[in-house]
Amino acid sequence: MFLQLPIKTLIFFLFASAICLGQNDVEVIETEDKPKITKTFYSYNFQYFIPQTFGDNALAKGTKGIGGINLKLQLGIYKGFFVGGNLGAAYLEVTNPEIVGNYKKSTVTNNYLFFGYEYYVSERFKLGLSAAPFAKTTYKNKIFDASEGRQYDTGTFFNIEFYADYKLSKQLAVFVSYTYRKDKLNIVAPIEDQSQFNSSQFNHFGIGVKLCFGNFDIVSAFLK
Amino acid sequence: MGIAIKLLKFFCLLLLIGCQPKEFEENTRIRVLGTVVNQNNVAIENASVNIFTDDEVGSIIIFFPGVPTFNQIFNLGSTNTNQSGEFSIVSLLNRSNNFLVSVEKDENYAPYLFKTNVFDYTPDNLTVDLNTITLKEKFSFDLVINNQNPSSTIAVALNYEIPFCAEVYEEGTLQENLSNCYPSQEFTVSLQGEDFSKSFISTAGSSIQISYSVNNQPEIVETINLNPSENVFTITY
């Protein structure tokens, strides 16, 4: 759980840096001619998603996704390539406690750094692909009984996200996304059950809005 | 000054106790399994199995010796037995002195309780196997004593099995001295010139030993096996 603090700190730093850099970029926008395809220097993405567990594992058999939120910062690096950080969580409801253990709900952290590439199909429409090759996660399992209890499971994960953006205005876009996420869990269980607790898999079906700032990327800014 | 600091510590502790939820062993699952049968070794379906644990909040006694500790009780899992009387359930692990599994059918069967200590003991292969649990059927019987001579006396002693079984295990080994499985109970009564009747609840197929002495004569001992057709014992003196 505490190992995630550096990632959170780094993502926070990225957010803070973007705000500072964004302030400088206003003048650049004003002095440049508007390109036919407007690039985005950075964007804040607010995403709601439905997590769907699947596969031959205990989590898929014993839980159901009830929702999730992400706050994402995406920074344009060069010609459609970007990096970013994501803070978020998915919420699961336990449907079969005989399989996963007798807790009611689980909050799955979704904090990671990512990189990717986006392709401008038209001035308003673009497609993107991003990946987070390695991130740590914590499942906070909540027990509501006569007394409240908690239990934590930890692990690592990677994800791949595909999205389609549509720009409503220069600074506002909406998007839909699909994310595949695979977790490697640190849970120990009886030998007969271990394979069920080694991993979990998710589909995330998301929608969201993007607040976009700037019409250049970092490399272009330095070259100028 | 010292008392003020102690009070401050106490209230800080209360705050901690009140706000901090119990945390169970992280990244751990165990399996609890077994088979439930009746006294005739016939599988019992739909018996209710519950796993309990508790968390003793005992730090207060540092400040107030003699104040009893209180426990938070958690249900770590619930299930029912299948047609074969089997159950198997995944549970979280709480490092507690009290890891309890209760097995109950209904009011017609004796309940069973399993207790072990997992505070510093991890079950082999993270599996708590209760093997075969016998829930004996409860049978009631009546003791009826009729008096025919007001000057006669009678002393009666009755030994019967109580419908309850609690077994305590330490590191996978049954602790018979700490367990109490279908214990024997003695009931005694002495009468002079009066009638008496009382109902008892015991277990099907168990032996009931009744010994009585009329007018201080030599004791008569009878042993019977409890069954539905023989559940009234009448003594006349």
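Quick note on labels: first sequence line is chain A, next is B, and so on, each numbered from 1. Side chains are part of it too, since the values below use all heavy atoms of this structure and drop only hydrogens, waters and symmetry mates.
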Give the minimum heavy-atom separation between Glu26(B) and Tyr152(A), together with the two atoms involved. CB-O, 3.0 Å
Can you tell me if Glu186(B) has over 12 outside heavy atoms packed within less than 6.0 Å of its CD? yes
Counting only heavy atoms from other residues, nucleotides and ligands, does the tally under 6.0 Å from CD1 of Ile69(A) exceed 12? no
More than 12 heavy atoms of other residues, nucleotides or ligands under 6.0 Å from CZ of Phe54(A): is that the case? yes
Using a cut-off of under 4.5 Å for heavy-atom pairs, which of Thr79(B), Asn125(B), Ile30(B) has the most such pairs with chain A? Asn125(B)
Count the heavy atoms belonging to other residues, nucleotides or ligands that lie under 6.0 Å from OH of Tyr78(A), then report whether that count exceeds 12. no
Pick one of side chain, backbone, both or neither for Tyr139(A), based on which atoms fall under 4.5 Å of a heavy atom in chain B. neither
About how many Å separate CD of Glu23(B) and CD1 of Ile143(A), when rounded to the nearest 0.5 Å? 10.0 Å
If I compare all heavy atoms of Ile187(A) with all of Arg29(B), which pair ends up nearest, and what's the gap? CG2-CG, 3.9 Å
Around Lys61(A), counting heavy atoms of other residues, nucleotides and ligands shown, do more than 12 lie under 6.0 Å from its NZ? yes
Can you tell me if Asn102(A) uses its side chain to pair, donor with acceptor, with the backbone of Leu92(B) under 3.5 Å? no
Region of Ile191(A) in contact with chain B, defined by heavy-atom distances below 4.5 Å: both
Minimum side-chain heavy-atom gap Thr28(B)-Val188(A) below 4.5 Å: yes
Could you tell me whether Ile201(B) atom CD1 has more than 12 heavy atoms of other residues or ligands within 6.0 Å of it? no
Grab the two heavy atoms, one from Asp153(A) and one from Asn27(B), that are nearest each other, plus how far apart they are. CA-OD1, 3.1 Å
What part of Asp193(A) lies closer than 4.5 angstrom to a heavy atom of chain B: side chain, backbone, both or neither? side chain
When only pairs under 4.5 Å are counted, which of Gly101(A), Pro190(A), Ala189(A) shares the most heavy-atom pairs with chain B? Pro190(A)
